[in-house]
Amino acid sequence: MNSILQHDLKNFEVILEKAKQQGINFLNNLDNIPTSTRIKVDINRHLNELGLGSEGALTEFNERLAPLMVSSPGPRYLGFVTGGSTPASIVGDWLTSVYDQNTQSVTSQGGNSALIEFETISLLLQLLELPDTFLGGFVTGATMSNFTSLGVARQWFGKQLGKDFAKDGISATINILTATPHSSSVKCLAMLGIGSQNYTTVKTIEGNREAIDISDLEKNIQNLNGKPFVLISSAGTVNTADFDDFKAISELRKKYNFWWHIDAAFGGFAAVSEKFKHLVEGWEDADSITIDCHKWLNVPYESAFYLIKKEHVNLQIETFQNSNAPYLGNPLENFNYLNVLPENSRRLRALPVWFSLVAYGKEGYQDIVENSVSLALHFANELIAEGNFELMAPIRLNNVCFTLKGNHNQEKVNEFLTILNDKGKVFMTPTVYEGRKGIRASFVNWRTTEEDIKIIIEEMKISILDLEI
Ligand SMILES: *Cc1c(COP(=O)(O)O)cnc(C)c1O
């Protein structure tokens, strides 16, 4: 064994203790760590001949690279839709690295950590009050979950025409209908060879809505003259957290032949609250659902899962079967994740989720979700009271989409956001909604409190002064 590795092995406890302390320092200091940085570091490092050992690497990391770390797990990082990490999820995440399992099979002698993934999916179904008619698995993010789901949808579509697209390639136009797809779904259409432009945009409901207009959807379906199609619907659009009407879509299933996919990356968590579960009513009838865990479930990146109806497992295997896989037999009995999703080798991604669900239970997540929504409302009220801002849409859940008041200030929106974000106390993302420039603040982090809103509004006031409007 290399002597430096040997030294590290002997000192392992000391090394891990240092890493732990560093983690604690970071997390305990999140309030003071900037939410953004423009620091540039010289990254033309030459690889040293002789290793520095873990402690040497840690020292160098702290000197050179740690300043790049922003407080994205902190309470005022409202950009994108970014959760923090609960304490229990960090425990699970660290242990995932320690155990370093290759989570594939539930039956192999080489390790059946996939049973933990099965159990975690079952806990998630219970949390979201979804039936166990879904088979689920973990992937890196909602993008890959959409990819997995739409990959199986593509295979299903081929089957309707008596074709096997996975084997023979795509030889027909795949009909896709959608109203407000997340950009990642469009990216998936490109990756799946369907084509990022090859979908039909269905109208949204009139009047500041992003949800699909059911009667326009039905019109578009009738234009297809009985041909099958794939519907990509939304449970929580990123700008205004709008939801398609899943009960109405369920009704359409009785009349038409389509694959129904729901992107519920963050909006799916509406299901954990009595107050908001009506938003997802009817979603259990979908063929596939995408849900992110590194957003509202507040576990570290990279964590998301897909849910696909068990009845489609053969289509799923046709789509993703590893060509070296031995004879499968009953795919549900001789289950192996490498045959049902894009990756072969994969870490035990379920463990952080398992820890967090077991640690905080249904009530813990209900509290996180309801707290996020009430903070979004509180923030929106404070924005209006401040006087210089206007909401671009009503607050439907946890996202606040707003802009500078008055069309004459449209040109200043991005400048304002840059000034605000550069202060490092809060981070939000720019957006365009209904043709106007806006700003989006998304509340999902378990740490955020009313005190944070106070700080944020203060920072916004100062930024307005800096802007000199
Ligand atoms: C965030 C998001 C995605 C993409 O998720 P990643 O985890 O970044 O891959 C897809 N759809 C919706 C609705 C989202 O909010």
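Here, residue 1 is the first one in the sequence, and each next residue gets the next number. For ligands, and for the atoms within them, numbers begin at 1 and follow the listed sequence.
In this structure, Glu382 does not pair ionically with Lys454, as no charged nitrogen and carboxylate oxygen lie closer than 4.0 Å. The pair Glu251-Lys254 meets the salt-bridge criterion, since a charged nitrogen lies less than 4.0 angstrom from a carboxylate oxygen. Electrostatic pairing of Lys159 and Glu318 counts as a salt bridge here, judged by a charged N lying under 4.0 Å from a carboxylate O.
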For a distance cut-off of 3.5 Å, show me each N or O of ligand 1 paired with any protein N or O, plus the separation.
| residue | atom | partner | partner atom | Å |
| --- | --- | --- | --- | --- |
| ligand 1 | 5 (O) | Asp292 | OD2 | 3.2 |
| ligand 1 | 7 (O) | Ala142 | N | 3.0 |
| ligand 1 | 7 (O) | Asp292 | OD1 | 3.2 |
| ligand 1 | 7 (O) | Asp292 | OD2 | 2.8 |
| ligand 1 | 7 (O) | His294 | NE2 | 2.8 |
| ligand 1 | 9 (O) | Ala142 | N | 3.2 |
| ligand 1 | 9 (O) | Thr143 | N | 2.8 |
| ligand 1 | 9 (O) | Thr143 | OG1 | 2.6 |
| ligand 1 | 11 (N) | His182 | ND1 | 3.4 |
| ligand 1 | 11 (N) | Asp263 | OD1 | 3.2 |
| ligand 1 | 11 (N) | Asp263 | OD2 | 2.6 |
| ligand 1 | 15 (O) | Lys295 | NZ | 2.8 |

Taking distance alone, no hydrogens or angles, what donor-acceptor pairs closer than 3.5 Å link side-chain atoms of residues 413-425 to residues at least two apart or in another chain?
| residue | atom | partner | partner atom | Å |
| --- | --- | --- | --- | --- |
| Thr418 | OG1 | Asn414 | O | 2.8 |
| Asn421 | OD1 | Met428 | N | 3.1 |
| Asn421 | ND2 | Met428 | O | 3.0 |
| Asp422 | OD1 | Arg38 | NE | 2.9 |
| Asp422 | OD1 | Arg38 | NH2 | 3.3 |
| Asp422 | OD2 | Arg38 | NE | 3.1 |
| Asp422 | OD2 | Arg38 | NH2 | 3.2 |
| Lys423 | NZ | Asp466 | OD2 | 2.8 |

Extract all donor-acceptor atom pairs below 3.5 Å that involve side chains of residues 262-272 and protein atoms in other chains or at least two apart in sequence.
| residue | atom | partner | partner atom | Å |
| --- | --- | --- | --- | --- |
| Asp263 | OD1 | Ala265 | N | 3.1 |
| Asp263 | OD2 | Asn146 | ND2 | 3.2 |

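Evaluation of the salt bridge (Lys or Arg N to Asp or Glu O under 4.0 Å) rule for Glu210 yields no partner, not counting sequence neighbours.
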